[in-house]
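First up is the structure itself, then whatever we jot down about it.
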Amino acid sequence: MNLLLDTHVALWAITDSPKLSSKARDVIQSPKTTVWVSVASIWEIAIKHASGRGDMPVSSQTAVHYFQESGYRFLPVDVEHSVAVEDLPAHHQDPFDRILVAQALIEPMRLMTHDTLMALYSDTIIKV
């Protein structure tokens with residue numbers, strides 16, 4: 001399975017956060033799962049970490065290092081992903097979350113998130 005992690009889930013996975021359920025951790029660590037992190041998530045981490053927000057515990061550079069060590073792959077933002085955002089219902093207004101949903105739907109991939117609003121977009125989104 002190709003699994004795209006939303007930004008917070010990806011950070012929880014690399015920081016061994018108790019916020020990540022054991023069920024979610026099992027899916028991420030399964031040998032049948034290829035884990036992806038969007039370049040948009042790296043951008044989100046960089047912006048929010050630089051602003052001093054407490055919900056970004058590591059810098060983007062540190063996050064990239066840990067994602068690479070964990071064997072995660074990076075998903076670039078393509079033109080098709082950007083265009084697909086326009087057709088998404090207005091369930092969610094966060095541009096980072098909307099691009100992740102669009103990427104997951106276009107590729108296609110399963111998207112793992114903790115965000116209830118993101119889960120409204122498709123039954124292929126895994127809410128943890």
**Donor-acceptor contact below 3.5 Å, side chain Tyr72 vs main chain Leu4** = no
**Asked** What distance do Ile42 atom CD1 and His49 atom NE2 have between them, rounded to the nearest 0.5 Å?
**Response** 13.0 Å
**Message:** Return the CD1 to OG distance between Ile99 and Ser38, rounded to the nearest 0.5 Å.
**Reply:** 7.0 Å
**Asked** Distance only, no hydrogens: is a donor on one side chain within 3.5 Å (strictly under) of an acceptor on the other, for Thr15 and Ser17?
**Response** no
**Prompt:** Can you tell if the side chain of Leu75 reaches within under 4.5 Å of the side chain of Val39, non-hydrogen atoms only?
**Reply:** no
**Complete:** When rounded to the nearest 0.5 Å, the distance separating CG of Leu117 from CZ of Arg98 is 11.0 Å
**Asked** Is Lys127 atom NZ crowded by more than 12 heavy atoms from other residues, nucleotides or ligands, each under 6.0 Å away?
**Response** yes
**Request:** Indicate, with yes or no, if Leu111 and Tyr121 share a hydrophobic cluster defined by side-chain heavy-atom contacts under 4.5 Å among Ile, Leu, Val, Met, Phe, Trp and Tyr.
**Result:** yes
**Side chain proximity check, Arg110 to Thr33, heavy atoms < 4.5 angstrom** = no
**Prompt:** What residues form a ring-ring contact (aromatic ring centres under 6.0 Å, His included) with Trp12, not counting sequence neighbours?
**Reply:** His114
**Item:** Verdict with supporting geometry, Ile126 and Thr113, side-chain contact (heavy atoms from CB on, under 4.5 Å)
**Value:** CA-CA 6 Å; Ile126 303 167; Thr113 184; over 6 Å; no
**Shared hydrophobic cluster, Met109 / Ile28 (ILVMFWY, side-chain heavy atoms < 4.5 Å)** = no
**Request:** Compare every heavy atom of Ala13 with every heavy atom of Leu20, then report the nearest pair and how far apart it is.
**Result:** CD2-CA, 3.7 Å
**Asked** After noting the C-alpha distance and the side-chain angles of Phe74 and Gln68, does the key distance pass the side-chain contact (heavy atoms from CB on, under 4.5 Å) rule?
**Response** CA-CA 9 Å; Phe74 295 103; Gln68 289 172 327; 3.6 Å; yes
**Message:** Would you say Ser59 and Thr62 are linked by a side-chain donor-acceptor pair, where the criterion is simply a distance under 3.5 Å?
**Reply:** yes
**Prompt:** Are Trp36 and Val9 joined in one hydrophobic group, where the rule is that I, L, V, M, F, W and Y side chains link up if heavy atoms are under 4.5 Å apart?
**Reply:** no
**Request:** Indicate yes or no: at least one non-hydrogen side-chain atom of Thr7 is less than 4.5 angstrom from one of Leu100.
**Result:** yes
**Asked** Would you say Val35 and Met118 are hydrophobically clustered, going by side-chain heavy atoms of ILVMFWY under 4.5 Å?
**Response** no
**Prompt:** So, for Ala63 and Val58, which heavy atoms are closest and what is the spacing to 0.1 Å?
**Reply:** CB-CG2, 3.9 Å
**Prompt:** Any side-chain heavy atom of Trp43 within less than 4.5 Å of one from Val77?
**Reply:** no
**Complete:** dist Glu80:CD -> Leu105:CG (nearest 0.5 Å) comes out at 14.0 Å
**Asked** Just wondering, more than 12 heavy atoms not from Phe96 lying within 6.0 Å of its CZ?
**Response** yes
**Prompt:** Does Asp16 pair with Arg25 as a salt bridge, N-O distance under 4.0 Å?
**Reply:** yes
**Check: Met1 and Thr34 side chains under 4.5 Å, non-hydrogen atoms** = no
**Asked** Is any side-chain heavy atom of Leu88 less than 4.5 Å from a side-chain heavy atom of Val101?
**Response** yes
**Message:** How long is the straight-line distance from CD1 of Ile106 back to CG of Asp78, given to the nearest 0.5 Å?
**Reply:** 10.0 Å
**Message:** Starting from Tyr66, can I reach Val64 by hopping between I/L/V/M/F/W/Y residues whose side chains sit under 4.5 Å apart?
**Reply:** yes
**Message:** Counting only heavy atoms from other residues, nucleotides and ligands, does the tally under 6.0 Å from CD of Gln61 exceed 12?
**Reply:** no
**Request:** Mind checking the CG-CG spacing from Asp6 to Asp115? Nearest 0.5 Å is all I need.
**Result:** 7.0 Å
**Message:** Checking side-chain polar atoms at under 3.5 Å, does Glu69 have a donor or acceptor matched by the opposite partner on His65?
**Reply:** yes
